[in-house]
Amino acid sequence: MNRIIILTVICILILSGMANAQFTKENYEAVYDSIRKIRPDFEKSWEVEDFEFSMDAATFTFGEGTIYFLNTIAGHTIGFYFDGKGRCRVVGPTPIEKFSIEKFTGEKDFDKEFDDGLFFFSQDIYEEFFSHLELRSEEKSGKLNSRVKRFLGKLKDYSIDAASAMIPRLYTSKENPYLLTIFDTGDDFVFQYDPTNTESVELVEFKSVMGHQVIEVITRFFPSEHYQSGKDIYEREQIDQAYPLHYDINTTIEQNTDLIAECKLIFQSNQDSLIRLWFNHSDQIDMDSVKTSDGTSLAFDKFKEDDAYFSTVFFNRPLMQGEVDTLIFYYESGDVIKKSVWGDFYLLAPAGWYPELGFRNKATFSLRYRTPEWLRFLSCGDKVKDSVDGDWRYTVWENKDPIQVVGFNYGWFDSLTVVQPGLPEIKIFRSDASHRGRLFGPNMLDVTAEDVTAAVEFCTNVYGAYPYDRLLVTEIPLAHGQSFPGLLHLGWASFERDDRDKGFEMDAFRAHEVAHQWWPTIVHFKSYHDQWMSEGFAEYTSAWFVQTKDGDNKRFLRLLDDWKDIITQKGSLYTGSWSEGSEAGPIWLGGRLASTESQDYSTLVYTKGAYVLHMLRMMLHDYDNHSDDNFVRMMQRFVKAYSGKKASTRDFQDLTERYFGMDMAWFFDQWIFSTEIPRYKPEYEVLEEDGNYIVQATIKTEDVPENFKMVVPLVVEFENDSHTILKFWVKGHETVYRSKPMPYKPKNFILNPYKAVLCHVD
Ligand SMILES: [Zn+2]
């Protein structure tokens, strides 16, 4: 008995000893290097004739040609180079992915022939498809070496890191499939299958636009099991390999804006055998080293050397599910903070100044800064220390409640504090540098404070209470804004532009940025697909705020008109040949709507997203009492249910169903997952019946499928100058609606008042 136990203990010791040797920095770096310089092994080639293999939605066919396996790494075959007649077919599993493939290739399915390609795969894929091949040796060929080198160079140029992806597949025995292939059809395409990503399947094209490398996403979707299981085709639980728990970031910002930092991250593994994680950050961050809490240096890729927007870190032991560990990142940047021509400062990547684990996953933050003494410094959380020693200012900011992202701002600011019952303390900071001499306009500190306060009050009323004790609104020398918990970056124009200078709608801009404190800071969107619930909601808030502030609908309706022009491309000031409007794709494509085909991310995610919220509001609107109570209750409920969480489009849809009292799939299918905009052609008849009047409206609908439907309001004006608003379903290509008998004689009709539906009316 004892012997067995002792033997077992010895075995475990030996195994773990071996494991430790394997997981050293030196070992990782050697393997990493050899993958990046891998070449064909001319002793192992295979003459191919009509060989085919499928991976998820992709099928690769190898007609005549030769497969040359690559040199083995740690005894494993990890890939091959193919020279011959190849073909790749990828079938999009959803209507949106079919749309996307057709948009970029002109065909419903991706189907292209290629002349050669480089394939990397995990051990399980090798064994399933390629291990049985009978191999022979070939003449060494310089051409093949140079083609392999070319493909590796392309992957590197476009930041696709085959080595980082392959290493976990080499080091851990568990099933962990992975396929990466780059093939040349005249253009370079890359197909990847990686189940550790929520969207495991991806096909992209490498493009060059005016000297810039652009990765065009042709299609990207969930693994086939998801669709086969009958689950919602547009919703999947996010996969996170690990979660951040606490960040402790110690940052020095030098007089010359150089940033030097140490970030200690406590995180928890969410899977077994975890040996690698990647962290997002600005490509201006230079990672010097990554260490464990006992000071052991870890391997991390300095992929693309100076300008990587992520770091991949390899651990010195595999972590098990639930295990908590610590990493310390040491990094610096001479470029992540810029100085404007006016002499004030801004962050090139407002949230990219520290290594982020996952996408906006919540954690607590301790933030310590050493900054030039003469500048004010502002960040997120409770400021628990602010002291000066010589030329340096030391501030410490604690965030004991988990938040998703942190930022800062600093400069030479004028400030104003607004204290109003029921609202957080609001502090406005206007950069003195940007406006010295007031070359362009008056001092807008007061006006900004007034609008920001009104917008905070408005959002509190319609969405619910602001959860942080204070809101710091700080100027940046850029045109946009950015929202962090309790901290807002607000573009300089807000502090410069006179509101009488109409057309700029500066109050709407301020309200848009304030609304971001709710969307996404309080309720975060789940993935890029759901970003309309941040930008669209903020954009709609800005118009709704303007409507409430003005007390009439003039500007509000003009904004809606502008939006419709932008969405439908009817000659708006803002549209151009680079925009396809709603034709560019469904809102759900999110960031993918910005492509080399058209730049419609903002057209659709901001503008159409805002219009979608307007349609929901108007469907819930009580026209008799001019009340939005139902809509407000719905939005407040949504904030309450998802405060501090991530919400998806489907989460929002589920919630709307409770307030509409019906399945709302039809609405989201039409407006979020499809592209059509209806064109209504109404005709009216007035029928007399027993001294009463009946309106019969015949509405022909074009440009939409037969199952398209919408609730459309109709204003009926009577001869006695009173009016009523009727609401009815317009379904399919022709709807005949008959009103109830009415005592007054109608004289005029206006379909779609308040621009309640995004549509054309002829
Ligand atoms: Zn925005």
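As the structure is a prediction and not an experimental result, all values here were calculated from the model. When a ligand or atom number is given, it counts from 1 through the structure's own listing order.
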Identify, by name, the N, O or S atom of Glu535 lying closest to the Zn ion (ligand 1).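 Within Glu535, restricted to N, O or S, the Zn ion (ligand 1) is closest to atom OE1.
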
May I ask you to check whether over 12 heavy atoms, not counting those of Gln636, lie within 6.0 Å of atom CD?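 It does: Gln636 CD has more than 12 such atoms within range.
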
Metal proximity, His516 vs the Zn ion (ligand 1), N/O/S cut-off 2.8 Å: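 Under 2.8 Å: His516 contacts the Zn ion (ligand 1) through an N, O or S atom.
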
Has Glu513 got an N/O/S atom less than 2.8 Å from the Zn ion (ligand 1)?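 Looking at Glu513, which is the residue asked about, there is no N, O or S atom under 2.8 Å from the Zn ion (ligand 1).
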
Any donor-acceptor N or O pair under 3.5 Å, side chains Asn361, Gln404: no

Do Trp353 and His281 touch side chain to side chain, with heavy atoms closer than 4.5 Å? no

Side-chain heavy-atom pair Trp532, Phe537 within 4.5 angstrom cut-off: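 Yes - at least one pair of side-chain heavy atoms lies under 4.5 Å apart.
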
